[in-house]
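Before we start, here is the structure in question, set down as structure tokens.
Both backbone and side-chain heavy atoms feed into the values below; hydrogens, waters and symmetry mates do not.
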Amino acid sequence: MAKMNKNTTAANRKATSAIKLTQPTQPDKPLSVTVDDGTREITIRNKYGKFICNIYIRPTDLSILDRYEKFQSDFEKIVEPLQNISIERDGTASFEKDWEVIKSVETEIKKRFNDLFDMDEADDIFATRNAFASVHGNFYCFNVLNALGGVIADAINAESDRVAHSEKVNKYLTPPADTTEDDAGDAGVFTNND
């Protein structure tokens with residue numbers, strides 16, 4: 001039995017020497033780790049290059065395109081309540097009674113921007129400029145929405161290209177089905193029907 005304890009003790013010493021245990025310097029320090037989740041940063045600047053804010057997008061979230069298109073198609077309906085009130089050029093209400101309407105529509109616009117990116121970005125986007133400020137005959141929020149469309153498409157296309165050329169990912173993806181001319185017929189052929 002003493003021999004067993006001697007072997008067990010030797011094994012414990014060997015295992016302990018392989019793992020260097022140290023006392024934490026701050027026992028209450030929270031643990032954290034940074035993980036690359038594919039999020040990309042988009043810097044929004046005005047036409048003179050002045051920083052407005054950074055927003056974040058996940059290019060692998062392909063449903064962002066659907067949310068963007070839905071937001072664009074719903075835009076006129078969202079701002080429709082503003083048609084019957086007087087708005088100053090800076091996007092504020094001309095009359096005290098109209099503030100509630102503007103705030104209600106602004107809340108919906110910000111909600112849709114946050115939903116679009118699946119993050120809370122709207123307050124940063126509109127921190128320095130009112131969503132309904134007039135910019136060349138459009139609301140500022142409309143200009144932001146239009147400008148972001150191209151950047152969203154570019155980010156998704158770039159990510160799609162990376163995935164298409166990634167051997168690590170491609171071995172897990174289902175390849176497209178092979179089609180022969182007999183099976184495909186005219187599939188994918190576009191003709192002009194003038």
Side-chain angles (χ1 to χ4, degrees), residues 26 29-82 87 89-92 102-178 187-188 190:
Q26 296 176 349
K29 182 179 177 185
L31 300 175
S32 68
V33 65
T34 300
V35 176
D36 183 357
D37 66 352
T39 299
R40 301 267 319 264
E41 183 178 75
I42 299 171
T43 300
I44 300 178
R45 298 182 185 282
N46 71 13
K47 69 180 184 177
Y48 299 106
K50 296 290 185 185
F51 178 81
I52 295 174
C53 71
N54 289 321
I55 59 172
Y56 300 89
I57 179 177
R58 290 185 201 97
T60 55
D61 175 10
L62 299 181
S63 65
I64 194 170
L65 290 174
D66 296 330
R67 293 191 304 270
Y68 177 80
E69 289 173 3
K70 178 81 171 127
F71 190 4
Q72 266 201 319
S73 68
D74 291 351
F75 188 84
E76 290 300 321
K77 185 177 180 184
I78 295 168
V79 298
E80 190 174 332
L82 302 178
I87 301 174
R89 289 180 181 260
D90 66 354
T92 58
I102 287 180
K103 283 300 180 191
S104 171
V105 176
E106 180 184 44
T107 299
E108 180 62 21
I109 288 288
K110 286 183 173 184
K111 177 188 177 305
R112 295 296 286 270
F113 270 101
N114 288 337
D115 291 348
L116 175 63
F117 294 103
D118 195 23
M119 296 183 190
D120 292 333
E121 306 290 357
D123 286 338
D124 291 339
I125 294 170
F126 302 112
T128 60
R129 182 103 189 194
N130 189 299
F132 306 115
S134 178
V135 180
H136 304 295
N138 291 315
F139 287 137
Y140 174 63
C141 58
F142 182 76
N143 289 354
V144 171
L145 182 62
N146 282 336
L148 290 173
V151 175
I152 290 169
D154 289 348
I156 289 173
N157 289 335
E159 183 63 25
S160 296
D161 287 346
R162 275 192 288 280
V163 169
H165 295 97
S166 170
E167 290 181 25
K168 288 180 182 178
V169 174
N170 281 331
K171 69 182 178 182
Y172 299 104
L173 297 177
T174 305
D178 284 336
F190 294 96

Side chain to side chain contact (heavy atoms under 4.5 Å, CB included) evaluation trace for I87 with F139: CA-CA 11 Å; I87 301 174; F139 287 137; 4.2 Å; yes
Residues forming a side-chain hydrogen bond (donor to acceptor under 3.5 Å, both in side chains) with T107, sequence neighbours excluded: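 For T107, no residue satisfies side-chain hydrogen bond (donor to acceptor under 3.5 Å, both in side chains) once neighbours in sequence are set aside.
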Determine the interplanar angle of the F75 and F142 rings, folded into 0 to 90°, and report it as parallel if under 30°, tilted if 30 to 60°, perpendicular if over 60°.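 Taking F142 first and then F75, their aromatic rings sit tilted (interplane angle of 30° to 60°).
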At their closest point, which heavy atom of F113 faces which heavy atom of C141, and how far apart are they?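 The answer is CZ-O, 3.7 Å.
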Applying side chain to side chain contact (heavy atoms under 4.5 Å, CB included), can you list everything that pairs with E121, at least two apart in sequence or on another chain?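 Partners of E121 under the side chain to side chain contact (heavy atoms under 4.5 Å, CB included) test: I55, Y56, N114, F117, M119, D124, I125.
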Test log, rule salt bridge (charged side-chain N to carboxylate O under 4.0 Å, His left out), inputs K111 and E108: CA-CA 5 Å; K111 177 188 177 305; E108 180 62 21; 5.1 Å; no
Result block: side-chain N/O donor-acceptor pairs under 3.5 angstrom for residues 44-52, not counting sequence neighbours:
unit_1, atom_1, unit_2, atom_2, d
R45, NH1, G49, O, 3.3
N46, OD1, Y48, N, 2.8
N46, OD1, G49, N, 3.1
N46, OD1, K50, N, 2.9

Given side chains that start at C-beta, do those of T92 and I102 come closer than 4.5 Å, heavy atoms only?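 With C-beta onward as the side chain, the pair stays apart.
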Using a 4.5 Å cut-off on heavy atoms from C-beta on, say whether the side chain of R129 contacts that of V144.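 With C-beta onward as the side chain, the pair stays apart.
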Euclidean distance, C53 SG relative to I42 CD1, rounded to 0.5 Å: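 Result: 10.0 Å between the selected atoms.
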List the steps, then state whether side chain to side chain contact (heavy atoms under 4.5 Å, CB included) holds for V105 with V79. CA-CA 6 Å; V105 176; V79 298; 4.2 Å; yes
Which atom pairs, one a donor and one an acceptor, fall under 3.5 Å between side chains of residues 145-155 and the rest of the protein, sequence neighbours left out?
unit_1, atom_1, unit_2, atom_2, d
N146, OD1, Q72, NE2, 2.8

Within this structure, what is the CG-CD1 distance for the pair D161 and I156, rounded to the nearest 0.5 Å?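 Between D161 CG and I156 CD1, I get 12.0 Å after rounding to 0.5 Å.
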Dump the intermediate steps for side chain to side chain contact (heavy atoms under 4.5 Å, CB included) on Y68 and L116, then the final yes or no. CA-CA 6 Å; Y68 177 80; L116 175 63; 3.6 Å; yes
Residues that D37 engages under side-chain hydrogen bond (donor to acceptor under 3.5 Å, both in side chains), provided they are two or more places apart: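 Result, side-chain hydrogen bond (donor to acceptor under 3.5 Å, both in side chains) vs D37: T39.
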For the pair E159 and R162, find out whether any cationic side-chain nitrogen is under 4.0 Å from an anionic carboxylate oxygen.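 Judged by the 4.0 Å cut-off on N to carboxylate O distance, E159 and R162 do form a salt bridge.
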Minimum heavy-atom distance S134-G137, with the two atoms named: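 Between these two residues, the closest heavy atoms are OG-N, 4.0 Å.
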Can you give me the closest heavy-atom contact between G38 and P59, atom names plus distance?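 Scanning both residues completely, I find the closest heavy atoms to be O-CD, 3.2 Å.
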With salt bridge (charged side-chain N to carboxylate O under 4.0 Å, His left out) as the rule and sequence neighbours excluded, what pairs involving residues 61-70 come up?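 Sorted result for residues 61-70: D61-R67, K70-D74.
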